[in-house]
Trainee: 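Below is one structure. I have some questions about it.
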Amino acid sequence: MLKKIYHRVWDWVDDRTGLPKMIGKTARHLVPPDAKWWYVFGSATLCALMIQVITGVALAFSYIPSASEAYSTLHFISDQAPFGHFLRGLHYYGASAMVLMVGLHMAQVFLAGSYKFPRELNWATGVLLLGFTLVMGFTGQLLRGDQNAVWTVVVAAEQAGRTPFIGQWLAHFILGGDTVGGATFTRFFAIHVFIMPGFIFAFVGLHLWLVLRHGISEPPKAGKPVDPKTYGAEYKELIEKKGKPFWPDSAWRDVVFCVVMIVVIAALALFSGAPQLGKPPDPSITTASPRPDWYLMWYFAVLALMPHGTEQYFLVFGPLIVGIILIALPFVFNRGERSPWRRPWAIAVVLMTVVMIATLWVAGVKSPWSPNFNAPPLSASVVGATNGPVFLGAQLFHDKGCLNCHLIADDGGRRGPDLTAVADRLSKNQMVLKIANGGVNMPAYAANLTPAEMDALVAFLQTRKSKSP
Ligand code: HEC
């Protein structure tokens, strides 16, 4: 009885819309028989995108995109809203997963030469999707609205502002004005939730359409080069003779991989959580050069390590040139061998890219040029006092941001000198002078500290001596 109703409803919907049959046909389209685990990264990217859409919409329910409220609404989401902390974690690790999967998908397609004839446009739309994904990462970071996020944007805008010709206009466009303010948040919010998702949906649609149109590339065989004259016919023959329906013969791997990915993301979100919100943005820290999330960190390292005066060209033209090279790739090399074993340079390019990004990333993490906004307060055993001026000084050392730039017993940042044993080399007066007047890359604190606070800070620093005199 139920079955009969089900079939009647199904037939009715199919008759009126034509969708069920079309979806069924698409799901069962034939794919090469030996398309195995290497082929899961594309669908995994799509799966990560779904997570982002769902968690992103959920976050948007409580988030207010304004300079004054972004930070406090996110605190509300993290600390009070039910599952809010978990939700932020999902969105954060989902973003990381998406960037990672895009990278793996791209490396796999590149190594297997799948971008060659007739799939040039599959690759080109993929490159655009990579760009959109990174823009999402960058704009999402500002929406976090803490000190680190705001300064990342300020630095990016400052850099962009020095680009020849279009700099002024670009900086103004990024910030929605001359400084970070309400307009910046609304603008980044609009880019993050309307413009980029719009582009992403459109191009994912086009990308998938192209995948269906040309079929999934067969695994490459050494000694079997792509010849545009014969490839189409050969592929058709292979698929008609040996092809397997995508659903369920091949799709189960995508499902398994996607489920594993979701479990890992959920576990990370639950046990590790999204990055702690930093302090609220503090305009008194004028010399900060903060660090972005890991997937953009290496790029900031490039900017920081470039010879002075060249980085303003690189900020805009670097990605532009890389993008043009990537998009041009399949049009220039659209035939010939696909097997990576016959294209050693392809393996070399991927290895070099991985090594380069990894090295720059490590440089970015250590980044002596950048304050560490996440330095936790000093532990009681390091401070060595639980009340009195020394204790107060240690607190101020954290709260006034000194710890962001200075190391004490390996906790803190590396922009300024290590102060673990500063009392060995500086007298009380020398310390007061330095703190009040600042120095190269150190802000002057004279106006930001009461005399009592200054005394406490110095009392604390005077206890910083090397252990074995
Ligand atoms: C934006 C990063 C930054 C912040 C924030 C910062 N410093 Fe510094 N600090 C530096 C740098 C860089 C130097 C070395 C440059 C110089 O001496 O001119 C320095 C030098 C010092 C020195 C001298 C160290 C020596 O060995 O000569 C002391 C003491 C010091 N800072 C204390 C503080 C205290 C206390 C605070 C917080 C109230 C603070 N700093 C905040 C970056 C920072």
Side-chain angles (χ1 to χ4, degrees), residues 146-159 180 276 278-292 297 300-301 303-305 308 363-379 382-385 388-467 469:
D146 61 2
Q147 178 168 277
N148 193 355
V150 169
W151 281 111
T152 304
V153 174
V154 171
V155 171
E158 254 171 26
Q159 294 273 2
V180 174
Q276 285 286 320
K279 292 180 206 152
D282 176 358
S284 76
I285 299 184
T286 46
T287 50
S289 44
R291 35 169 107 222
M297 178 93 84
F300 264 54
L303 297 180
L305 294 174
H308 203 64
V365 172
K366 289 198 178 148
S367 60
W369 60 85
S370 167
N372 170 10
F373 287 115
N374 297 322
L378 293 164
S379 69
V382 168
V383 175
V390 171
F391 173 71
L392 251 159
Q395 266 188 338
L396 284 168
F397 198 80
H398 174 262
D399 298 346
K400 293 282 175 187
C402 315
L403 202 55
N404 296 343
C405 292
H406 290 289
L407 277 180
I408 298 251
D410 285 328
D411 177 17
R414 295 164 196 273
R415 192 176 168 91
D418 188 333
L419 298 184
T420 308
V422 64
D424 288 355
R425 55 177 188 271
L426 292 187
S427 72
K428 230 172 167 162
N429 278 339
Q430 285 172 313
M431 283 184 188
V432 173
L433 275 178
K434 186 69 163 210
I435 298 169
N437 300 320
V440 183
N441 285 327
M442 162 147 169
Y445 276 87
N448 274 317
L449 292 172
T450 64
E453 285 174 336
M454 178 67 95
D455 286 346
L457 264 176
V458 172
F460 165 66
L461 289 179
Q462 281 296 319
T463 60
R464 301 298 105 191
K465 298 203 170 90
S466 49
K467 289 266 147 53

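Every number for a ligand or one of its atoms is a count from 1 in the order of the listing. Any value given below was found using the heavy atoms of this structure, including those in side chains, with hydrogens, waters and symmetry copies removed.
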Trainee: Under 3.5 Å between some N or O of ligand 1 and some N or O of Tyr445?
Mentor: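 Looking only at distances, the answer is no, because the N/O contact criterion of under 3.5 Å is not met.
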Trainee: Relative to the heavy atoms of Gly401, which atoms of ligand 1 are at a distance of less than 4.0 Å?
Mentor: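 Within the 4.0 Å cut-off of Gly401, ligand 1 contributes 5 (C).
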Trainee: Between ligand 1 and Leu419, can you find any atom pair, the residue atom being a heavy atom, that is separated by under 4.0 Å?
Mentor: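 Distance cut 4.0 Å: Leu419 passes for ligand 1.
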Trainee: Leu457 heavy atoms, cut-off 4.0 Å: which ligand 1 atoms fall inside?
Mentor: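 Checking each atom against Leu457, I get 38 (C).
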Trainee: May I ask you to check whether Lys400 has an N/O atom sitting below 3.5 Å from an N/O atom of ligand 1?
Mentor: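 In this structure, Lys400 places no N or O atom under 3.5 Å from an N or O of ligand 1.
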Trainee: Could you measure the distance from the NZ atom of Lys434 to the CG atom of Leu461? Nearest 0.5 Å is fine.
Mentor: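 Rounded to the nearest 0.5 Å, the NZ-CG separation comes out at 13.0 Å.
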Trainee: Within the 4.0 Å heavy-atom shell around Ile435, which atoms of ligand 1 are there?
Mentor: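 That gives atoms 32 (C), 35 (C) of ligand 1.
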Trainee: Should Leu426 be listed as contacting ligand 1, given a heavy-atom distance under 4.0 Å as the test?
Mentor: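 Checking ligand 1 against Leu426, which is what was asked, there is a heavy-atom contact under 4.0 Å.
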Trainee: Considering non-hydrogen atoms only, spot the tightest contact between Val390 and Ala459 and give its length.
Mentor: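 Shortest heavy-atom separation between Val390 and Ala459 comes out as CG2-O, 4.0 Å.
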Trainee: Out of Cys405, Pro417, Gly412, Cys402, who gets a non-hydrogen atom closest to atom 13 (C) of ligand 1?
Mentor: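 Of the listed residues, Pro417 has the closest heavy atom.
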Trainee: Apply the side chain to side chain contact (heavy atoms under 4.5 Å, CB included) test between Val432 and each candidate in Leu457, Asp455, Val458, Asn437; give the one that qualifies.
Mentor: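 Option passing the side chain to side chain contact (heavy atoms under 4.5 Å, CB included) with Val432: Val458.
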Trainee: Start with the C-alpha distance between Val422 and Arg464, add both sets of side-chain angles, then the distance that settles side-chain contact (heavy atoms from CB on, under 4.5 Å), and finish with yes or no.
Mentor: CA-CA 6 Å; Val422 64; Arg464 301 298 105 191; 4.0 Å; yes
Trainee: Show your reasoning for whether side-chain hydrogen bond (donor to acceptor under 3.5 Å, both in side chains) applies to Thr420 and Asp418.
Mentor: CA-CA 6 Å; Thr420 308; Asp418 188 333; 2.4 Å; yes
Trainee: So Phe397 and Val383, side-chain contact (heavy atoms from CB on, under 4.5 Å) or not? Walk me through it.
Mentor: CA-CA 11 Å; Phe397 198 80; Val383 175; over 6 Å; no
Trainee: Tell me whether atom 8 (Fe) of ligand 1 has His406 as a neighbour, meaning an N, O or S atom of it below 2.8 Å.
Mentor: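 True for His406.
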Trainee: Rounded to the nearest 0.5 Å, what separates atom OG1 in Thr450 from atom CG in Leu396?
Mentor: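 Reported to 0.5 Å precision, the distance equals 7.5 Å.
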